[in-house]
Amino acid sequence: MSGFEIKKSGTQYDAVIVGSGAGGGMAGYVLANAGLKVLMLEAGAYFDPRIDSAQLKWPWESPRRGARTTRPFGDFDASYGGWQLDGEPYTQKDNSEFAWFRSRMLGGRTNHWGRISLRMGPDDFKPKDGLTDDWPLTYQELKPFYDKIDRMIGIYGSVEGIESEPDGIFMKPPKPRLNELFIKKGAKSVGVPVIAGRGSVLTEELKDNKDRGQCFYCGQCGRSCKVYADFSSSSCLVIPAVKTGNLTVITNAMVREVLTDKSGKATGVSYVNTKDMQEYQVLGKTVILGASACESARLLLNSKSPAHPNGLANNSGVVGKYLHDSTGASLGGYLPQLMDRKRYNEDGAGSVHIYSPWWLDNSKLDFPRGYHIEYGGGMHMPGYGFGWGIDNLNGTVPGRDGKPKEAGGYGATLKDDYRRFYGTAIGMAGRGTAIARETNYCEIDPTVVDKFGIPVLRFHYKWAPEEVKQAKHMQDTFQEIMHSMGAVITSGIPGPESSYGLEAPGKIIHEVGTVRMGADPKKSALNKWCQAHDCNNLFVVDAAPFVQQGDKNATWTILALSMRTAEYILQQKDKLNIS
Amino acid sequence: MNRRDSLKALGLTALSTGVLIQACKPGEEKAAAITADGELPPGRQEFEVARDKDLNAAKFFNDHEMATITVLVDIIIPKDDKSGSASEAKVPDFIEFIVKDMPSNQTPMRGGLKWLDLQCLGRYDKAFKDTSPAQQIEMVDDIAYPKKVKPGMQQGVAFFSLLRDLTASGFYTTEIGIKDLGFVGNVPNVWDGVPADVLKQYGMQDV
């Protein structure tokens, strides 16, 4: 006996879904609730926030006090994974610095995300500047799905009537914290609008839903929520869909390839069990990829067959191309007038309380697309890193006695300084539109495989002057806001040597665009229903289909697109031969 | 589900939140270890549990180094009328753990302690921990102020700055430190905006 065999299941599901994040979760939810028999494969472990969340733990319950040693956002953060996974490398071409974040768990990255839930606007789908390609659908076509998502999942925000920042169906937003009132006042004084944040956190009871609790304001959405008061795909989509009896989930199942028959139709997928390294094949009448933008592109490129010699859904050659992540830059400081502030609980909600939607006209600027600003600060629960660099703070203002104070120090007066500065910090971060370019891409590395023997991705991604100029504008704006409220900047002011603090692509974890939609099969991989031009029973429901992301965070659009695609699959049941 | 049901689902009511805090006192932290039947604690990954076990079993600092660290952290954060000292909050144990967790701190810490002892041997003919409290302060004064560092003391400043940061992080992440700061969050509550007296204090009523 060779001891090596591929275990083939005789069951043919109506749909096999790869990935359990926002896209896979939503498709699974819609199809299972409609009565289809669905199999979902997740590369990582099972995760139920009700059981597995570290919510309400104290810093001393982690030996490293919440430090980031094994998790990029800290020991209490609800993400299994990060920018580097043991045994699952990726490579770079021409000194690229693309950073690829992967969460390997039920619900994927939705367990720890910031819950900032923004709709893209009409111009994001049909750009007026002609610089990037149109989406094959308009905001008006997607709006009903955004509306349904708002009602089904719940979102807080304020109705503003800004065309490029479409309003949703909102619950009441959390009120600003003290630091945020300073920011709001300061920003407005320099012409930067500030509105209530838009977050998928239940500040009110969710109608007709008995499973999800209301927010109790611990400010820890990043740890995922034990009462399901925030949106995670695990708690809000996958676990409820399993309860229908129509969805089967297999965890620790790393999909290797999409299988196709001689005619080129998808027949299922092959995967490796990451625990026992056994190989499996499962069958589906449709195959739906929601593995994340880059992972779905990798799967397609690795699924070569006589019918699809260039990789599946890749007659156009665009799979992997047009990769883009949001731009990001930030600035930090503190408000001297908040020293010795009164203590009270201001944990608030774990998504943003306020933000600045893009407010300027790019035709009058030297860069083509805008950004929004997210703000933070206040009396947070201390964790590892607390008090770090006090010598950058305590020499910048007089001591309690009114005399100049030497930076650094020790003893009783230092201890007093930690108290005095507590809760004075403020931070601001820009998240902007990066241009989708054919020259920024991922491809299969011809020589490297991961520990499962699967060929890995190689990235080629360079920022262009458009993004650098945008980052410069962010920094100028941040400084203007800081100065307007009398803040002291402590993070250092990044200049041209660091491209104005522009983060490496991938660091903002909004990567999209690698299996793009389009009306023209020569220039796109998917049609307007996220259905492959070259394989009509193959769909992609993560952020890979995005033609061009706006400055808005991707998740709400992933959910809306995935719901729309799942409903399309239901309408096409006969054509797709689904029971 | 309404708010009361949420808290029930969490196993909490407004009244029982005090119990929650008491249930998580320092020293009572549940060791993140694989149970007898091999099950992982909730929300932890297998490699994390194994790694923590290995780190806890290893020892980095020797007794002399630990004693020196203990003197130093209490100079940085001493007991005062509001709260206890760094060593009372077990900061030396935290530093022992964190240099194993983040090995890049090992050489700066070990080398810095050695640098300090050699300085004191030259000045006072004794290792740092064995010098008098006045001599210890005299020594620390030379390395505690990064902006007015004397020539030849830069290495000491770098070491002391790292130790100060580790001490602060270690101290303010304990129950003693959190009470000292006056942090009152991490409990279920209703956020209804900045209290009226605070709004008034900063003139923010109309923002």
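Order of the sequence lines fixes the chain letters, A, B, ..., with proteins taken first and strands second; residue numbering starts at 1 for each chain. Bear in mind that the values here come from a model prediction, so they are computed numbers and not experimental data. Values below: all heavy atoms of this structure, side chains included; hydrogens, waters and symmetry mates excluded.
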* **Salt bridge present between D75(A) and R44(B) (N-O < 4.0 angstrom)** => yes
* Would you call D52(B) and R64(A) a salt bridge, taking side-chain N to carboxylate O under 4.0 Å as the test? -> yes
Please name the pair of heavy atoms, one in [X] and one in [Y], separated by the smallest distance, quoted to 0.1 Å.
X       : Y       : value
G43(B)  : R71(A)  : O-NH2, 2.8 Å
A407(A) : Y145(B) : O-CD2, 3.3 Å
V194(B) : P176(A) : CG2-O, 3.7 Å
Y202(B) : Q337(A) : CE2-O, 3.3 Å
N186(B) : D347(A) : N-OD2, 2.6 Å
S169(B) : Y384(A) : OG-C, 3.8 Å

In the structure I gave you, are the side-chain heavy atoms of [X] and [Y] within less than 4.5 Å of one another anywhere?
X       : Y       : answer
I178(B) : W58(A)  : yes
D192(B) : Y217(A) : no
T173(B) : S62(A)  : no
L414(A) : R164(B) : yes
D180(B) : R419(A) : yes
W191(B) : E346(A) : yes

Heavy-atom proximity to chain B below 4.5 Å, by part of [X]:
X       : value
M379(A) : backbone
H353(A) : side chain
Y344(A) : both
K188(A) : neither
I390(A) : both
Y228(A) : neither
A45(A)  : neither
D391(A) : both
L202(A) : neither
Q220(A) : side chain

* Asked: Where do V190(B) and F216(A) land on the side chain to side chain contact (heavy atoms under 4.5 Å, CB included) test, with the steps shown first?
  -> CA-CA 6 Å; V190(B) 176; F216(A) 55 81; over 6 Å; no
Other residues, nucleotides, ligands: >12 heavy atoms within 6.0 Å of [X] [atom1]:
X       : atom1 : answer
K405(A) : NZ    : yes
K57(A)  : NZ    : no
K59(B)  : NZ    : yes
K451(A) : NZ    : yes

* **Geometric class of the F160(B)/Y410(A) ring pair [parallel <30°, tilted 30-60°, perpendicular >60°]** => perpendicular
* **Pair E46(B)-K275(A), side chain to side chain contact (heavy atoms under 4.5 Å, CB included): steps then yes or no** => CA-CA 11 Å; E46(B) 202 175 330; K275(A) 294 292 169 189; 3.9 Å; yes
Go through the atoms of [X] and report whether side chain, backbone, both or neither lie under 4.5 Å from a heavy atom of chain A.
X       : value
F97(B)  : side chain
E48(B)  : side chain
I143(B) : neither

* To do: To the nearest 0.5 Å, tell me how far E406(A) CD sits from K148(B) NZ.
  => 5.0 Å
* **Spatial distance of atom CG (N392(A)) from atom NZ (K147(B)) [nearest 0.5 Å]** => 6.0 Å
* Asked: Out of P59(A), G385(A), G387(A), A54(A), which one racks up the most heavy-atom pairs below 4.5 Å with chain B?
  -> P59(A)
* Asked: In terms of heavy-atom pairs under 4.5 Å with chain B, which of K184(A), M381(A), R223(A) leads?
  -> M381(A)
* **ring pair (Phe, Tyr, Trp, His ring centres under 6.0 Å) involving Y172(B) - partner list, sequence neighbours excluded** => F386(A), Y418(A)
If you check every heavy atom in [range] against those of chain A, which residues fall under 4.5 Å?
range                       : answer
residues 71-79 of chain B   : I75(B), I76(B), I77(B), P78(B), K79(B)
residues 109-116 of chain B : none
residues 83-96 of chain B   : S83(B), G84(B), F94(B)

* Mind ranking V157(B), V140(B), D101(B), D197(B) by heavy-atom pairs under 4.5 Å with chain A and telling me who comes out on top? => D101(B)
* Asked: Who among N56(B), T167(B), D165(B) has the most heavy-atom pairs with chain A under 4.5 Å?
  -> D165(B)
